[in-house]
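Both ligands and their constituent atoms are indexed starting at 1 by order of listing.
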Amino acid sequence: MSAASPLLTAEERARALTDLPGWQVTDDGRALTRELTFNDFTAAFGFMTRVALMAEKMDHHPEWTNVYNRVSISLSSHDAGGLTGRDLELAGAINRLAGG
Ligand SMILES: C[C@H](O)[C@H](O)[C@H]1CNC2=NC(N)=NC(=O)C2=N1
């Protein structure tokens, strides 16, 4: 069980957006979302595989859907009921895997 992390403040959420290109905060402030498009399904699923292995290592997992070459991701900390530093950490790692 990963130690519960404190919820991000509104200021921390706003700062996250500048540090995390491509991500948005939902209107209720409780999740980060990003859409990614790849060349084809194989590239999209390969990306998802790499993210999955990293999420397991971080013990912090995305909520996501995949339609052919598109991946839609939502990040929130279920145990905290909103956004925590773990979501920022995973979003940053996802950006690195996606190439920015
Ligand atoms: C027991 C609990 O599922 C684990 O501590 C992890 C697993 N992955 C997780 N992922 C996310 N997004 N939120 C969590 O609270 C969470 N908890």
Side-chain angles (χ1 to χ4, degrees):
M1 179 76 173
S2 51
S5 310
L7 288 173
L8 297 182
T9 64
E11 183 193 355
E12 286 168 326
R13 291 199 299 268
R15 192 179 333 124
L17 290 182
T18 53
D19 299 344
L20 294 167
W23 290 90
Q24 296 181 337
V25 177
T26 51
D27 291 344
D28 64 5
R30 296 166 66 117
L32 281 173
T33 61
R34 182 171 184 188
E35 305 282 326
L36 294 130
T37 304
F38 297 87
N39 289 334
D40 54 27
F41 173 74
T42 303
F45 199 83
F47 165 77
M48 293 177 76
T49 302
R50 295 179 70 193
V51 172
L53 294 174
M54 184 182 49
E56 187 59 15
K57 206 179 295 182
M58 293 169 67
D59 191 28
H60 198 69
H61 302 80
E63 296 164 60
W64 48 6
T65 54
N66 160 241
V67 178
Y68 182 56
N69 66 330
R70 287 179 289 118
V71 181
S72 303
I73 307 175
S74 176
L75 302 179
S76 68
S77 295
H78 307 142
D79 53 11
L83 280 175
T84 71
R86 288 178 285 151
D87 301 300
L88 304 186
E89 187 184 339
L90 182 53
I94 286 171
N95 277 12
R96 285 190 293 279
L97 283 176

Quiz prompt | Where ligand 1 meets His60 - atom numbers and elements under 4.0 angstrom, heavy-atom basis | solution = 8 (N), 9 (C), 10 (N), 11 (C), 12 (N), 13 (N)

Self-check item: Ala55, portion touching ligand 1 at heavy-atom distance under 4.0 Å
Solution: neither

Quiz item: So which heavy atom on Phe38 is nearest to which on Leu36, and how close?
Solution: CE1-CB, 3.7 Å

Self-check item: Geometric N/O contact His61 with ligand 1, under 3.5 angstrom
Solution: yes

Quiz item: Which atoms of ligand 1 have any heavy atom of Asp79 under 4.0 Å away?
Solution: 15 (O)

Quiz prompt | Heavy atom of Ser76, distance to ligand 1 below 4.0 Å | solution = yes

Quiz prompt | Residue pair Gly85 / Leu8: nearest heavy atoms and the distance that separates them | solution = N-CD2, 3.8 Å

Validation: residues 42-55 side-chain donor-acceptor distances under 3.5 Å, sequence neighbours left out:
from	atom 1	to	atom 2	distance (Å)
Thr49	OG1	Phe45	O	2.8

Quiz prompt | Leu32 versus Asp87, closest heavy-atom pair with distance | solution = CD1-O, 4.1 Å

Quiz item: Which pair of non-hydrogen atoms, one from Tyr68 and one from Asn39, has the smallest distance, and what is that distance?
Solution: OH-O, 4.4 Å

Quiz item: Asp59 to ligand 1: N or O pair under 3.5 Å?
Solution: yes

